Amino acid sequence: MPRSRIAIFAAVTIILGLATRPLSKYAGDAFYTVLLYWVVLFVAPRARPAVAALIALAASWAIEFAQLLDLPRVLAPVLGSTFNPPDLFWYAVGAAGVLALDLTLRSRSGRKSPAAP
């Protein structure tokens, strides 16, 4: 997938994440992982979609678990400040959702994932 398209998807993800935040905190959590997925693909555009989803999920979970540590306050706006176990589930929802979306878009465009034969 071209980086320009990935950047557009990332921008749309940010808009959707901000728009849904007042309605549902957990939707924002899911979109956080979706954004990380697009970042992974932007940095490594040839990555397999499932690998990108796992990296995004692992990063989301790592950031959530980092909130259990005594982190400097300056990091709170980026990493959050309070561990919330349900967030872990919603990060997985975001990873699964964006993976399904990306695979659907790839199949409709007739392209196979980069590592497929």
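These numbers were taken from a predicted model, which means no experiment stands behind them. Sequential numbering from 1 along the given sequence is applied to the chain's residues.
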With rounding to the nearest 0.5 angstrom, report the [atom1] to [atom2] distance, [X] to [Y].
{"X": "Y26", "Y": "Y91", "atom1": "OH", "atom2": "OH", "value": "10.0 Å"}
{"X": "I8", "Y": "M1", "atom1": "CD1", "atom2": "CE", "value": "11.0 Å"}
{"X": "L99", "Y": "T33", "atom1": "CG", "atom2": "OG1", "value": "12.5 Å"}

Quiz prompt | Partners passing side chain to side chain contact (heavy atoms under 4.5 Å, CB included) against L75 (at least two apart in sequence or in another chain) | solution = P72, L79
Quiz item: Taking only residues two or more places apart in sequence, or in another chain, which ones meet F89 in a side chain to side chain contact (heavy atoms under 4.5 Å, CB included)?
Solution: V93
ILVMFWY cluster, [X] and [Y] together (side-chain gap under 4.5 Å):
{"X": "W90", "Y": "F83", "result": "no"}
{"X": "V34", "Y": "I6", "result": "yes"}
{"X": "L57", "Y": "I55", "result": "no"}

Considering non-hydrogen atoms only, spot the tightest contact between [X] and [Y] and give its length.
{"X": "S107", "Y": "T104", "answer": "OG-O, 2.9 Å"}
{"X": "Q67", "Y": "T82", "answer": "OE1-O, 2.6 Å"}
{"X": "F42", "Y": "P45", "answer": "O-CD, 3.8 Å"}
{"X": "L41", "Y": "A47", "answer": "CD2-O, 3.8 Å"}

Quiz item: In chain order, what residues pass the side-chain hydrogen bond (donor to acceptor under 3.5 Å, both in side chains) check against D29, with sequence neighbours excluded?
Solution: K25
Self-check item: Which residues share a side-chain hydrogen bond (donor to acceptor under 3.5 Å, both in side chains) with Y32, sequence neighbours left out
Solution: none
Exercise. Mind jotting down which residue pairs meet the salt bridge (Lys or Arg N to Asp or Glu O under 4.0 Å) criterion with at least one end in residues 90-101? Sequence neighbours excluded, please.
Key: none
Quiz item: Is the closest side-chain heavy-atom distance between F9 and V12 below 4.5 Å?
Solution: no
Quiz item: Does E64 use its side chain to pair, donor to acceptor, with the backbone of N84 at less than 3.5 Å?
Solution: yes
Practice problem: Using side-chain contact (heavy atoms from CB on, under 4.5 Å) as the criterion, point out the one residue from T20, I15, L16, I14 that pairs with L18. | Solution: I14
Practice problem: Any pair with a residue in residues 34-43 that passes side chain to side chain donor-acceptor pair (under 3.5 Å), sequence neighbours left out, goes on the list, sorted by first then second residue, please. | Solution: T13-W38, Y37-D102
